[in-house]
Student: 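What follows is a structure written as structure tokens; I'll ask about it next.
Only heavy atoms go into these numbers, but all of them, side chains included; no hydrogens, no water, no symmetry mates. A note on names: the letters A, B, ... follow the listed sequences, proteins ahead of strands, and every chain is numbered from 1.
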Amino acid sequence: MNSFNLHRAYSVARKEVMHLLRDPFTLALALGLPVVLVTFFGYAIDFEVRDITLAVADHDQGPAARRLKEVFSASGYFIPVEGGDRAIPLMDSGRAAAALFIEPGFSRTVRGGGRVSAQLVMDGSDNSKVTAVMGYLQGIQASAGKKLTGAASAPPLSVETRFLYNPELNSRWFTVPGLLSIIIGLLGILLTALTVAREWENGSMEMLLATPVRPLEIIAGKIAPYAALVLGGATLVYLAARLVFGVPFAGSHLLFVLACLLFVVASLAQGLFISVATRQQQVAMQLSLITGLLPSMLLSGFIFPVESMPVFFNYFTMLLPPRWFMEAVRGIFLRGAGLRELAVPFLALGALSFALVTLALKSFKTDLEPL
Amino acid sequence: MNPTLKAFIKKELVQTLRDTRMRALLFGAPLIQLTVFGFALSTEIKNLKLAVFRQPADMVAQRLEGDFFASGWFKRVEFEPGADPVEIIASGSADAVLVMPPGGLGRAAGRGEGKIQLLADASNATKARVVETYAKSIVAARAAKEYGTAAEPPVRLDVRVLYNPAMESSVFLVPGVMGMVICLITIILTAMSLTRERELGTFETIISAPLSDGEILLGKILPFILLGMAVFTLVMLAGWLLFGVPVRGPLWQLLLGAFIFVITTVSVGTSISTIAKNQQQAMLGGFMFLFPAILLSGIMFPVESMPRAIMGAAYLDPLLYFMRILRCVMLKGDVPYVFWANLGALALMAAFGAGLAYNRFKQTLN
């Protein structure tokens, strides 16, 4: 009676499947939403910043200053406009995101073979632009040196970079696997977050508890159909990543499926745990969006690398399944990493899935006392 | 004001605030999120794992290596002698590998061939890009020290960052996190409340009250607008006290902007709840609004570099305008043009959202 009975778990699963089939909206959403969102945002998100309006305060008006402006516009990142004395007010009003100040005598110094400097002022109220522009400066400085002094005087020390696995630094190859992780994880939480709470609210849980079904069977029966559904959604995302965005897949498909499975189970269990612990749909929903949405975007390493976080928060992110899945998926897709390289993320994902299922199970009260 | 309406608003407030767990969620969650993200997130990428290959007797390379680890951006990765640089990256133990010329960097530089190989793991494109930027600036500084002014670049760009000269991460990020948190809490709060009443059947009781459709809607959304403003004030205070994020512009602009924004999100939440048939659909609807709203708001990715069609979609995002107001008033100061332009756009969306909510609401009532 106490042991796990596959048949009883299957009955719960079948009931859940019928629920799903009767609700085509949720069904379509679970299958279609991931691929739609990944495709849309795969196109939308680009870490490159282009066409930054650059207000130029040219107090030199000489040929070298003109060439410097050409260097900025030729880079493709900036659109220089004449700022005159209004360069800073233009930035204040948001009409320009950067300003370039060229002092009088700039061209004369260049002609005389001296070293020159110009001041670049950036709008620090928009961090995404500042970070990107900082990365372009070295290149612009180098090409300005070449263009203004003519002679290609090679510096005594220089860096030659080889970007492995993504030689062109294609943003899409990087964001699409990341988006997969965010969307699949969230969907998993959202799909199960209400299942148990709903049954408590409309009283069908009491009936379910009166049957011989054990909590573990309920949980297994509730996770299985949704896991299949979300894995279906993940497959569609995989196809979109390969066919629409041409993201290379260097690793093993088996490993990828295993990572997806572990991650999906962890997310579904997280939703289920919330549902079991709150017993109230409204609270369950709020908790799942709060613990799901922003942490999976901000603390998973999607944009902000976890290694840059203060030590405490770096450890804290280890409790979040998306962090590990993100690491595993990026490794499998681009680096072709195997189980040996990804042992830590896989172990962590496995441990977290197990812990979350156990938590859901432990908080599953079979008595009918109100909370 | 109609006394029934007043009672109605009071009921909604009491109902939401009565539940301890709801209170904790409503006020605790935004505070916790602001604190966690404010402290955890950093715009500066650090602790990059770096392995350096060089000859033991190569003094220039040794000093350069010292510069790399003294910069605070890199962490040293030890490796077996004779290891393959690519293999170190493939195994995931390093983000980047620096390979000095085998004959010694100083000698290579003397021949004009002082090229240092940098291998970067671009499976994380953000990190790879930053590694290159850091490496170039460290190498340039070392070259200037070793070879004097001759090695300095002929043209130098001095950079100054306005509004946040010390480039503090929290000053950059807290306004963005505030915007996201307010958006999240107001949407989910409203999206669920109406759907729940419909599911529970208490909605019929409300309809039978002696109030017009508009008044019922007002009674439903006004409490949430008040709650949203309370949460905003709380989060703003926390941003100021915990992170020292300034408010350089007038406070009323910030509050007015937040007020119009909250009207918009509460209307969106109400519209979602009139469309959804059950709470699960309301939740998925809320997610379908929040996810694009956050990604297209310009908080994480600049809107200007998105493809044209998607940029059009981004301009329909109320969070985008609210973010611009937040960033401008908090970090820049009083800039009437920016404030009124974005407030105008936001007001337009609020009006449209409220109209939509009213229409949908009337249909639900009848």
Student: Quick one: which of A/Asn166, A/Asn314, A/Thr175 has the most heavy-atom pairs under 4.5 Å with chain B, could you say?
Tutor: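 When all of A/Asn166, A/Asn314, A/Thr175 are compared, A/Asn166 has the most.
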Student: Any heavy-atom pair between the side chains of B/Asp19 and A/Gln280 that's under 4.5 Å?
Tutor: yes
Student: A/Leu169, A/Asn170, A/Val116, A/Asp51: which one forms the most heavy-atom pairs within less than 4.5 Å of chain B?
Tutor: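 Highest number of pairs under 4.5 Å: A/Val116.
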Student: As an exercise: rank B/Arg111, B/Met288, B/Lys277, B/Arg142 by heavy-atom pairs under 4.5 Å with chain A and give me the winner.
Tutor: B/Met288
Student: Using the ring centroid of each side chain, check whether A/Phe41 and B/Phe291 are separated by less than 6.0 Å.
Tutor: yes
Student: Find the one option among B/Asp121, B/Val181, B/Val338 whose heavy-atom pairs under 4.5 Å with chain A are most numerous.
Tutor: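 Between B/Asp121, B/Val181, B/Val338, the count favours B/Asp121.
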Student: Less than 4.5 Å apart, side chain to side chain, heavy atoms only: is that true for B/Gln279 and A/Gln282?
Tutor: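 Contact flag for B/Gln279/A/Gln282 side chains = yes.
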Student: What are the two closest heavy atoms between A/Ser93 and B/Val335, and how far apart are they?
Tutor: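 The answer is CA-CG1, 3.6 Å.
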Student: With rounding to the nearest 0.5 Å, note down the distance linking CG in B/Leu290 to CG in A/Leu289.
Tutor: 6.5 Å
Student: What's the separation between atom OG in B/Ser123 and atom CH2 in A/Trp173, rounded to the nearest 0.5 Å?
Tutor: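 CH2 of A/Trp173 is found 12.0 Å from OG of B/Ser123.
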Student: Hey, does B/Gln33 have a side-chain heavy atom less than 4.5 Å from the side chain of A/Leu294?
Tutor: yes
Student: Run the side chain to side chain contact (heavy atoms under 4.5 Å, CB included) test on B/Tyr337 and A/Arg95 for me, step by step, so that the C-alpha distance in whole Å, both residues' side-chain angles and the decisive distance to 0.1 Å come before the verdict.
Tutor: CA-CA 10 Å; B/Tyr337 166 76; A/Arg95 289 186 180 92; 3.5 Å; yes
Student: If the contact rule is any heavy atom under 4.5 Å from chain A, which residues of residues 89-98 of chain B qualify, in numerical order?
Tutor: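 Expected list: B/Ile89, B/Ala90, B/Ser91, B/Gly92.
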Student: How about A/Leu299 and B/Phe37: do any of their side-chain heavy atoms sit closer than 4.5 Å?
Tutor: yes
Student: Which pair of non-hydrogen atoms, one from A/Leu157 and one from B/Ala109, has the smallest distance, and what is that distance?
Tutor: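 In this case the closest contact between A/Leu157 and B/Ala109 is CD2-CB, 3.9 Å.
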Student: Any side-chain heavy-atom pair from A/Asp23 and B/Gln281 closer than 4.5 angstrom?
Tutor: yes
Student: Do B/Lys332 and A/Asp92 sit within salt-bridge range, that is, some charged N less than 4.0 Å from a carboxylate O?
Tutor: no
Student: Only pairs under 3.5 Å count here: list side-chain donor-acceptor contacts from residues 298-308 of chain B, not counting sequence neighbours, and write none if there are none.
Tutor:
unit_1   : atom_1 : unit_2   : atom_2 : d
B/Glu304 : OE2    : A/Lys129 : NZ     : 3.4
B/Ser305 : OG     : A/Glu48  : O      : 3.1
B/Ser305 : OG     : B/Pro302 : O      : 3.3

Student: Are more than 12 heavy atoms from other residues, nucleotides or ligands located less than 6.0 Å from atom CZ of A/Arg162?
Tutor: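 Not buried by this count: 12 neighbours or fewer within 6.0 Å.
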Student: Counting heavy-atom pairs under 4.5 Å to chain A, which of B/Val36, B/Val99, B/Leu64, B/Leu184 comes out on top?
Tutor: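 Between B/Val36, B/Val99, B/Leu64, B/Leu184, the count favours B/Val36.
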Student: So which heavy atom on B/Gln280 is nearest to which on A/Leu191, and how close?
Tutor: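 The answer is NE2-O, 3.2 Å.
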Student: Can you give me the closest heavy-atom contact between B/Ile310 and A/Ala44, atom names plus distance?
Tutor: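 For B/Ile310 and A/Ala44, the tightest heavy-atom pair comes out as CG2-CB, 3.4 Å.
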Student: Select one option (side chain, backbone, both, neither) describing which atoms of A/Ala193 are under 4.5 Å from chain B's heavy atoms.
Tutor: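 The answer is the side chain of A/Ala193.
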Student: Heavy-atom pairs under 4.5 Å with chain A: which of B/Arg324, B/Met283, B/Lys46, B/Met180 has the most?
Tutor: B/Met283
Student: Checking side-chain polar atoms at under 3.5 Å, does B/Arg327 have a donor or acceptor matched by the opposite partner on A/Asn127?
Tutor: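 A donor-acceptor contact under 3.5 Å links the two side chains.
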Student: Taking it one step at a time, do A/Gln138 and B/Ser137 satisfy side chain to side chain contact (heavy atoms under 4.5 Å, CB included)?
Tutor: CA-CA 7 Å; A/Gln138 297 278 344; B/Ser137 75; 3.1 Å; yes
Student: In terms of heavy-atom proximity below 4.5 Å to chain B, should A/Phe40 be classed as side chain, backbone, both, or neither?
Tutor: both
Student: B/Arg156 and A/Gln141: side-chain hydrogen bond (donor to acceptor under 3.5 Å, both in side chains), yes or no, with the steps?
Tutor: CA-CA 6 Å; B/Arg156 207 180 66 234; A/Gln141 203 167 267; over 6 Å; no
Student: How long is the span from the CH2 atom in B/Trp73 to the OG atom in A/Ser308, to the nearest 0.5 Å?
Tutor: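 Spacing of CH2 (B/Trp73) from OG (A/Ser308) equals 12.5 Å.
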Student: Quick check: closest heavy atoms across B/Ala29 and A/Ile290, and the distance to 0.1 Å?
Tutor: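 Result for this residue pair: CB-CD1, 3.6 Å.
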Student: Any idea which of A/Ile182, A/Val49, A/Asp46, A/Ile88 has the most non-hydrogen atom pairs under 4.5 angstrom with chain B?
Tutor: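 Maximum pair count with chain B is reached by A/Val49.
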Student: Measure from NZ or CZ of B/Arg129 to the centre of the six-membered ring of A/Phe163 and say whether it is under 6.0 Å with the direction within 45° of the ring axis.
Tutor: no
Student: Could you tell me which non-hydrogen atom of A/Ser117 sits nearest to which non-hydrogen atom of B/Asp158, and how far apart they are?
Tutor: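 Taking every non-hydrogen atom into account, OG-OD2, 3.6 Å.
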Student: State, yes or no, whether a side-chain contact exists between B/Thr126 and A/Ile303 at a heavy-atom distance under 4.5 Å.
Tutor: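 Heavy-atom side-chain distance check fails, nothing below 4.5 Å.
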Student: When rounded to the nearest 0.5 angstrom, what distance separates CG in B/Leu162 from CE in A/Met122?
Tutor: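 One finds 9.5 Å between CG of B/Leu162 and CE of A/Met122.
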Student: Name the option with the most non-hydrogen atom pairs under 4.5 Å to chain A; the candidates are B/Asn164, B/Ile294, B/Leu41.
Tutor: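 Of the options given, most contacts go to B/Leu41.
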Student: For a 4.5 angstrom cut-off between non-hydrogen side-chain atoms, does B/Ile188 reach A/Met285?
Tutor: yes
Student: If we define contacts as heavy-atom pairs under 4.5 Å, which of B/Ala120, B/Ala143, B/Ala282, B/Ala140 has the most with chain A?
Tutor: B/Ala120
Student: Tell me, do A/Val130 and B/Tyr163 make a side-chain contact under 4.5 Å, heavy atoms counted?
Tutor: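 A/Val130 does not reach B/Tyr163 side chain to side chain.
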Student: Can you check side chain to side chain contact (heavy atoms under 4.5 Å, CB included) on B/Arg21 and A/Thr278, steps first, answer last?
Tutor: CA-CA 9 Å; B/Arg21 291 192 297 178; A/Thr278 58; 3.7 Å; yes
